[in-house]
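See below for the structure under consideration.
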Amino acid sequence: MTAAVLSAPAPQAAAGEPLALETRDLTKEFRIGRKWYSSGQPLRAVDGVSLSLRKGEVLAIVGESGCGKTTLSRLMLGLQQPSAGEIFVGGEPLTNVDRKVFSRRVQPVFQDPYSSLNPRKTIGEIIRDPLQIHRIGTSAEQNAEVEAIMERVGLARRLIHSYPSQLSGGQRQRVAIARALVIKPEIIICDEPTSALDVSVQAQILNLLQSLREQMNLTYLFISHDLSVVEYMSDYVAVMYLGRIVEAGPAAEVLRAPRHPYTRALLSSILTADPGLGLPEVNLGRGFPDPLNPPNGCRFHPRCVDALDKCATVMPRRIVSGSELIECHLHDTAATD
Amino acid sequence: MSSVSDAVSPPALKPGRIDEFDTLAPSPKALMRRRARSHIGLIIGASLLAFVVIVAIFAPLLAPYDPYAQDLTRRLVDPVWGPKGTWENIFGTDALGRDVLSRLMYGARISLLIGFTAAVIAGIIGATLGILGGYFGGRVDSFIVYLINVKLALPVILIALSVSSISGGSIPALIILLGFLTWDRYAVVTRSMTQQMREREFIMSSLAAGASHTRIIMREIFPNLLNQIIVIASLDMALIILIEAALSFLGLGVRPPMPSWGLMVSEGRAVMFFKPYLIMIPGAAIFLLVIAINMAGDGIRDVTSPEGRG
């Protein structure tokens, strides 16, 4: 088993097959309150993220809202330009890949199925759109393709002339999945694909994503804040906090034996089906820190139950062993003083 | 799906296909037609507007007299309800003996022609600037906001007066002038709507699918703005008709002897205390046309986008 998460510079996969998607020290800085007389305050939404995703795998990125997950997904979709660092698609730097070529390999499924479909277009038009952009096939072939993909994602054919407002949330998300898959990409970046849906519909969409993955040999980058979803879906997990990956590794390891205090807190926040137990004690203390003014040292120390003295001053090192990564002083055995 | 709903589903459906519901909710277009039929303001406004348009188009067939023919023996004849009115000149005659009804019918052509074409020109300028500013943001947007601010700071009537006094009041010059003076509303509305839409995920999806900016603007953004543009165009058209009337009244719009409604009010001014009908009839025509356009525009907004309204 090679590493799902590596420190930069990452060696190419030993087998010779290039990684499906890779980021090296990816950083995105926004300028808040920019005016002509000032350059604004920097906000690092994504800070030195190095990830790699092999073909056929599912890598989940977990973290609470505001931690930079969505920015990371937009960077990886090429919708925003990174401030520093690089993205590689199949071993090639993203900056060298034509936008149209890239779009045939990587497609998104977004969070909100109410905002991801144009209200003025019919379902058929929405799903056909990528085929038209890439000029794939004749009109009749495109029709056939649209109907085939609709059947595959479980949409009744008669919905082809309906408008998004006539569909339920689950049906809309199926449309979004069909649009992403119609040009047969290799990689799907799912940005919280189920968080806007009812619990019962969530399971249907997750099952659909799982079976499509097997049928079409897809690779997923799966972004979520819901650990039970992540556990069900993913091979590898990366935990993100304030723009940094604080712990990563195979899903079974990270979720069964979490090492970073933040991962442990996240795991204890999973709600159980028994309402008698009440809300779980998370031990995260005060609210989310201000990303405009991140804490010194370890970014997590103000909320950490196990914080040491040096956590407030010294930034923890990134420790990589095999396929696992952690950024925490508690697990830094080299620096014992 | 339970066996009960399977039993209800029509036999035409092949087994194994996914069909959760057999009845489809009414389509947005059907709902729109339903709302349009029960919207009294829209029906009144649209009928009135349609009436004026038909009269304007068929003016040569409908008008009882030549609108330019002067008959000095029949000057200032009262309309049919006046003390000396006859059915020969239903709305009477003006100071040069021309038939007011005929002039009114031909005047509708001028008001509608100027109002419609100037509103279209303004719409093209305003919507293009607004969409570009809202979509691209940054420096493009700063420049377009600057243009809008400059435009908003211009005194419309004053500019119209000075430019039309130079250009000499030809109708094409008037249309272009009014088009360039009223595009700001389109720009302000389309810009803010495009800005909001820019952040929606269907634009992101289209970008991620490799669509060009031109395609996104034409296929994703513009169709979503069309209703609002039509509504603004109706308000703008009413405004332009009023400005044209004002300019013509002041003698700087349409040149005599052309039958413009504003010019007719102006010509009747000299005798307004003795023959008030000469300003009341064209005045009422302007009022009715403008209110018809506004009612129709309000109606279109209610019917096409009911979600944003109370």
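Worth knowing before you read on, the calculation uses all heavy atoms, side chains too, and leaves out hydrogens, waters and symmetry mates. Chain naming here is simple, since letters A, B, ... match the order of the sequence lines and numbering starts at 1 in each.
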Spell out, as yes or no, whether a donor-acceptor pair under 3.5 Å connects the side chain of A:R99 to the backbone of B:A211. yes
Just so I understand: if I count every heavy-atom pair under 4.5 Å between each of A:A180, A:A176, A:S115, A:G78 and chain B, which residue has the most? A:S115
Pick one of side chain, backbone, both or neither for A:L79, based on which atoms fall under 4.5 Å of a heavy atom in chain B. side chain
Using non-hydrogen atoms and a 4.5 Å limit, figure out which bit of A:Y114 sits close to chain B: side chain, backbone, both or neither. backbone
Heavy-atom nearest pair, A:S103 first then B:A208, reads CB-O, 2.9 Å
Segment of A:Q111 engaging chain B (4.5 angstrom heavy-atom cut-off): both
Non-hydrogen atoms of chain B under 4.5 Å away: do they reach the side chain of A:H134, the backbone, both or neither? side chain
Closest heavy-atom pair and its distance - B:A209, A:I133: O-CG2, 3.7 Å
Interface check, chain A: of B:S212, B:S205, B:S206, B:P223, most non-hydrogen pairs under 4.5 Å belong to B:S205
Which region of B:R215, side chain (C-beta onward) or backbone (N, CA, C, O), has a non-hydrogen atom less than 4.5 Å from a non-hydrogen atom of chain A, or is it both or neither? side chain
Using the side chain to side chain contact (heavy atoms under 4.5 Å, CB included) definition, which of the options A:I126, A:D129, A:N118, A:L117 pairs with B:F202? A:N118
Heavy-atom distance under 4.5 Å to chain B: side chain of A:R104, backbone, both or neither? neither
Side chain B:E201, main chain A:P113, donor-acceptor under 3.5 Å: no
Is it the case that atom CZ in B:F180 sees more than 12 heavy atoms from other parts of the structure closer than 6.0 Å? no
Does A:I32, at its CD1 atom, have more than 12 non-hydrogen atoms belonging to other residues, nucleotides or ligands within less than 6.0 Å? yes
Which residue out of B:L207, B:I203, B:N224, B:L226 racks up the most heavy-atom pairs below 4.5 Å with chain A? B:N224
Between A:V106 and chain B, which part of the residue has a heavy atom less than 4.5 Å away: side chain, backbone, both or neither? backbone
Rounding to 0.5 Å, atoms CZ (A:R74) and CE (B:M204) come to a distance of 4.0 Å
